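Quick caveat, the model's predicted, so the values are computed rather than measured. FYI, side chains are in, hydrogens and waters are out, and symmetry mates aren't considered; it's all heavy atoms of this structure.
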Amino acid sequence: MRLDELPRSDNVEDRRGDGSGGFPMGRTGGIGIGTIILLGLIGWALGINPLYLIGGAEILSGLGGSQQQSQPAPGSAKTEAPPDQMGEFVSAVLGSTEVQWKEIFAQAGKTYEAPTLVMFSGATRSACGFAQSAMGPFYCPNDQKVYLDTAFFQDLERRFRGCDVGSKSCQFSQAYVITHEVGHHVQNLLGILPRVQQAQRGMDTVESNQLQVRVELQADCLAGVWAHHAEEKWRFIEPGDVEAAMQTASAIGDDRLQRRSQGYVVPDAFTHGSSEQRTRWFMTGLRSGQVASCNTFQAGQL
């Protein structure tokens, strides 16, 4: 993946080295930091959004939706392009999404509002609650920010074999992870996420999971749409890049994660889609370059 000509984004908030990001340690009542970390690990291993588990635990403890938990991290983190190599990479990928989605929205008579990407180490706060590295990257619609502990990329390479360790093609896999989360931001701007969240309130767990899978697969497809248009503009994809991204999509499919963690697969517990589904929907967006091709909610077969 060639980064030289990709535009850089200033919408990167660098909280690395800020420790816990202002999370209140050792407070009385509610759930403790040990429980939060455990729930994060369970959610990551099973492919379940850990924020749902943590949020549910907080509600049960009488703290759900507290003002303290809903506030983003305080501090003096600047929103700019970080100067280090990883910061440069993240800024380049995010910058390319800003260009492409601005153009795509403009063609549809809409205005694209770029998200902020928060880089953090270990833990931080978001407007959706506590963010911990074990959760993996996620998008918070409450503050329209993507949260990323870049240590996830090392786990992706080494633990999940999401791409060949040390290969240059791993960068495109990492870009896929970032642009998947930006895909959720696109869904939020289009009103898809609010409608889904409203519908899920009246569903049982199985139905809610099935709808969540469609949300995640659409974000995979939207990442493919980004790749299609970015390649047309900058010709930045190199041999092996797409294969590496597909290896990553396969590595973080619900079926593969469940088999690794518990030895068997429970489709009703899927929240992101199988390896085959995630690969296929990314390729759908990559080949077509059309947002309309990503309508997973109308697809008869996912």
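Summarising the geometry, atom CD1 belonging to I237 is positioned 6.0 Å from atom CG belonging to L286; distances are rounded to the nearest 0.5 Å. For the atom pair L117 CG and S91 OG, the distance stands at 9.5 Å (nearest 0.5 Å). Distance check, rounded to the nearest 0.5 Å: OG1 of T279 to CD of E243 gives 11.5 Å. In this structure, CD on Q197 lies 10.5 Å from CG on L211, to the nearest 0.5 angstrom. How far SG of C128 is from NZ of K145: 11.0 Å, rounded to the nearest 0.5 Å. Atom CZ of F282 and atom CG of L217 lie 13.5 Å apart (nearest 0.5 Å).
Side-chain contact between L3 and R8 is present, with heavy atoms from C-beta onward closer than 4.5 Å. In this structure, the side chains of Q144 and E113 come closer than 4.5 Å at one or more pairs of heavy atoms. You'll find the side chain of Q218 reaches within 4.5 Å of the side chain of F297, heavy atoms only. Looking only at side-chain heavy atoms (C-beta outward), I178 and W226 stay at 4.5 Å or farther from each other. Taking 4.5 Å as the limit, some side-chain heavy atom of W234 sits within range of a side-chain heavy atom of Q100. L222 places a side-chain heavy atom less than 4.5 Å from the side chain of Q187. Here the side chains of M283 and V242 are in contact, with some heavy-atom distance below 4.5 Å. Under the 4.5 Å side-chain criterion, counting only non-hydrogen atoms from C-beta, D241 is not in contact with Y176.
Judged as a salt bridge (Lys or Arg N to Asp or Glu O under 4.0 Å), and not counting sequence neighbours, the contacts of R235 are E231. Taking the salt bridge (Lys or Arg N to Asp or Glu O under 4.0 Å) definition, one finds that K110 meets it with nothing, sequence neighbours left out.
Among residues at least two apart or in separate chains, ring-ring contact (aromatic ring centres under 6.0 Å, His included) pairs with a member in residues 180-223 are Y112-H185, Y139-H185, H180-H184.
Of the listed residues (R201, Q200, R195), just one forms a side chain to side chain donor-acceptor pair (under 3.5 Å) with Q198, and that residue is R201.
Checking side-chain atoms of N142 against main-chain N and O of A127 turns up a donor-acceptor pair under 3.5 Å. Judged by distance alone, with hydrogens and angles left aside, the side-chain atoms of D149 form no donor-acceptor pair with the main-chain N or O of F152 at under 3.5 Å. Judged by distance alone, with hydrogens and angles left aside, the side-chain atoms of T284 form no donor-acceptor pair with the main-chain N or O of C221 at under 3.5 Å.
The neighbour count for E232 CD, taken as heavy atoms of other residues, nucleotides or ligands under 6.0 Å away, is above 12.
For the pair R15 and E13, the tightest heavy-atom approach, listed with the atom from each and the gap, is NE-OE2, 2.8 Å. In this structure, C294 and V225 approach most closely via the heavy-atom pair SG-CG2, 3.8 Å. Minimum heavy-atom separation, P115 to L94: O-CD2, 4.4 Å. The shortest non-hydrogen separation linking L6 to S96 is CD2-CB, 4.2 Å. Nearest heavy-atom pair, S173 versus A245, reported as atom, atom and distance to 0.1 Å: OG-N, 3.4 Å. In this structure, G183 and A219 approach most closely via the heavy-atom pair C-CB, 4.4 Å.
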request  = Determine, stepwise, if the pair W101 / V291 fulfils side-chain contact (heavy atoms from CB on, under 4.5 Å).
outcome  = CA-CA 10 Å; W101 285 114; V291 173; 3.7 Å; yes
request  = For the pair S126 and V118, evaluate side-chain contact (heavy atoms from CB on, under 4.5 Å) and give the outcome as yes or no after the intermediate values.
outcome  = CA-CA 9 Å; S126 78; V118 177; over 6 Å; no
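Using modelled atom types and a 3.5 Å distance limit, the side chains of E216 and Q212 yield a donor-acceptor pair.
Relative ring orientation between F138 and Y147 is described as parallel, the plane-to-plane angle staying below 30° on a 0-90° scale split at 30° and 60°.
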